[in-house]
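The structure under discussion appears below in the form of structure tokens.
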Amino acid sequence: RRATLKQLLTRPSTSRDGVPVVLLANLELPEDSAAAQQNGASGVGLYRTEFLYLNHTRAPSEEEHLADYLGILKTLNGLPLTIRTLDLGLDKNIQYLSDRLPPLTNPALGLRAIRLCLKEPDLFLPQLRAILRASAVGPVRLMIPMISTLNEIDTLLRLIQTTKRLLRTQGLKFDPLMPIGGMIEVPAAALMAESLARRLDFLSIGTNDLIQYTLAIDRLDDSVSYLYEPLHPAVLRLIRHIIEAAAKTRTRVSMCGEMAGDARYTRLLLGLGLRELSMQPGSLLEVKAIVRDSDIGALARTMDELMQGIDERSPQSLLERLAEAA
Ligand code: PEP
Ligand code: MG
């Protein structure tokens with residue numbers, strides 16, 4: 001079986017009925033970009049940059065960020081790199097953060113990710129400047145995590161404009177058209193997806209957090225993990241809603257949570273309308289095998305029908321119907 005998966009490496013990621021599906025890699029560490037390459041990723045859909053902040057006794061400098069991004073761009077050889085801006089909160093026990101911020105009662109709902117970046121610009125601006133500067137060297141996309149209000153996006157977009165002006169006066173290069181996207185990980189953002197899409201170049205569905213916040217299940221708490229269900233009808237309705245908002249506004253949409261790399265869900269996600277999935281490099285070939293074996297037209301028709309009575313269906317029956325369909 002491994003040999004057959006290996007053979008898929010150079011084959012296109014296209015369904016049986018000829019629909020191309022973009023398969024991208026998630027990176028936790030810069031070293032992971034080698035695995036992305038070896039498994040035939042078409043680029044990086046999520047680079048989690050937190051480790052840069054975790055392994056320091058102070059916030060990383062602009063030059064440290066930049067060196068890291070340029071190293072990855074080099075291994076990617078012209079393929080796109082989606083850099084997610086800092087997604088940290090106080091739960092990570094970083095001394096230089098806890099020195100300056102009050103303790104949180106609930107880290108998952110507190111000052112984290114974009115909220116922290118907007119509140120503490122001196123943590124964030126070196127990263128923002130480095131992402132922009134990296135965009136002069138290769139195809140970089142900037143992605144913002146944990147959006148929950150339109151105001152956050154508007155503030156961040158203004159900050160990016162100001163930063164670009166400053167870089168220009170300093171004679172530092174960047175791509176003025178670098179795409180800016182947002183992660184949809186909070187139910188409020190999912191419900192507001194159309195307005196977000198009008199402000200952004202792309203959306204990416206972060207199911208790890210979207211499931212956590214929709215179902216009120218702490219994703220790190222084993223005692224409630226039996227309730228963590230990606231196929232919960234409420235989750236599927238939100239995903240559907242995001243995909244429809246993206247289609248309506250002609251905005252690119254992808255998925256980068258663990259669900260995107262779980263081959264059990266590939267048919268369902270294709271049937272819902274996703275054409276771009278980002279996952280751990282080790283899952284790429286397995287998902288590609290299913291894409292190549294799927295009739296996306298048939299999956300879309302079946303999924304339309306299944307969404308009708310979605311509240312009454314068990315996750316297992318959904319998967320069985322989709323397996324029969326294509
Ligand atoms: C997600 O929430 O789905 C996601 C991809 O982000 P992280 O797992 O880093 O929170
Ligand atoms: Mg997340």
Side-chain angles (χ1 to χ4, degrees), residues 22-30 32 36 41 43-55 81-92 94 104 106-117 127 141-149 152-153 156 181-190 193 196 200 202-221 225 228-232 234-236 238-239 241-243 246 252-262 264-266 268-269 272 274 276-284 287:
V22 180
L23 300 181
L24 302 164
N26 292 353
L27 312 183
E28 304 260 355
L29 296 170
D32 299 340
V44 171
L46 165 65
Y47 175 36
R48 294 181 166 103
T49 57
E50 288 73 58
F51 91 98
L52 278 165
Y53 290 80
L54 293 172
N55 297 337
L81 169 62
T82 310
I83 304 175
R84 178 174 73 183
T85 57
L86 175 64
D87 183 1
L88 274 187
L90 284 189
D91 50 330
K92 295 287 190 330
I94 302 174
L104 298 181
N106 188 338
L109 302 181
L111 191 65
R112 58 172 287 201
I114 184 175
R115 303 169 182 178
L116 179 66
C117 289
Q127 175 172 51
R141 302 168 183 165
L142 178 148
M143 185 159 83
I144 305 152
M146 291 298 301
I147 301 163
S148 57
T149 72
E152 280 170 332
I153 280 298
L156 198 99
M183 289 186 70
I184 308 295
E185 321 186 72
V186 176
L196 288 168
L200 293 164
F202 65 94
L203 303 179
S204 188
I205 307 173
T207 48
N208 305 339
D209 279 311
L210 186 61
I211 297 166
Q212 151 165 275
Y213 294 125
T214 303
L215 303 179
I217 305 304
D218 182 341
R219 60 191 262 200
L220 304 175
D221 183 344
S225 61
Y228 190 92
E229 176 52 77
L231 303 185
H232 189 296
V235 174
L236 295 182
L238 287 177
I239 294 174
H241 182 79
I242 300 163
I243 296 168
R252 272 189 32 221
V253 59
S254 62
M255 177 179 280
C256 65
E258 292 309 313
M259 192 177 183
D262 188 328
R264 285 175 300 172
Y265 305 139
T266 307
L268 180 134
L269 298 176
L272 280 174
L274 282 168
E276 191 174 307
L277 301 170
S278 192
M279 64 199 75
Q280 307 177 37
S283 302
L284 283 160
V287 170

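Counting starts at 1 for both ligands and their atoms, in listed order. Every value quoted in this text rests on a predicted model; they were computed, and no experiment measured them. For reference, positions follow the sequence shown, starting with 1.
Evaluated for a side-chain contact (heavy atoms from CB on, under 4.5 Å) with Y228, the options V235, N208, L215 yield exactly one hit, N208.
Shortest non-hydrogen contact noted between S278 and A25 is OG-O, 3.2 Å.
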Item to check | Candidate pair T85 and T49, rule side-chain contact (heavy atoms from CB on, under 4.5 Å), full reasoning | outcome: CA-CA 7 Å; T85 57; T49 57; 5.9 Å; no
Checklist entry - So Y47 and M143, side-chain contact (heavy atoms from CB on, under 4.5 Å) or not? Walk me through it. => result CA-CA 9 Å; Y47 175 36; M143 185 159 83; over 6 Å; no
Next on the checklist: Please determine whether side-chain contact (heavy atoms from CB on, under 4.5 Å) holds for the pair I205 and L238, giving the CA-CA distance in whole Å, both sets of side-chain angles, and the decisive distance to 0.1 Å.
Outcome noted: CA-CA 10 Å; I205 307 173; L238 287 177; over 6 Å; no
Checklist entry - Would E152 and I144 count as a side-chain contact (heavy atoms from CB on, under 4.5 Å) if you check the C-alpha gap in whole Å, the side-chain angles of each, and the deciding distance to 0.1 Å? => result CA-CA 10 Å; E152 280 170 332; I144 305 152; over 6 Å; no
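Contact shell of ligand 1 (protein heavy atoms, cutoff 4.0 Å): L46, R48, R84, M183, E185, G206, T207, N208, D209, R219, C256, G257.
Of all protein N, O or S atoms, those under 2.8 Å from the Mg ion (ligand 2) number 2.
Among residues two or more places apart in sequence or in another chain, the side chain to side chain donor-acceptor pair (under 3.5 Å) test is passed with T82 by none. Every residue two or more places apart in sequence or in another chain was checked for a side chain to side chain donor-acceptor pair (under 3.5 Å) with T266, and none qualifies.
No hydrogens or angles considered: a donor-acceptor pair under 3.5 Å links the side chains of E258 and Q280.
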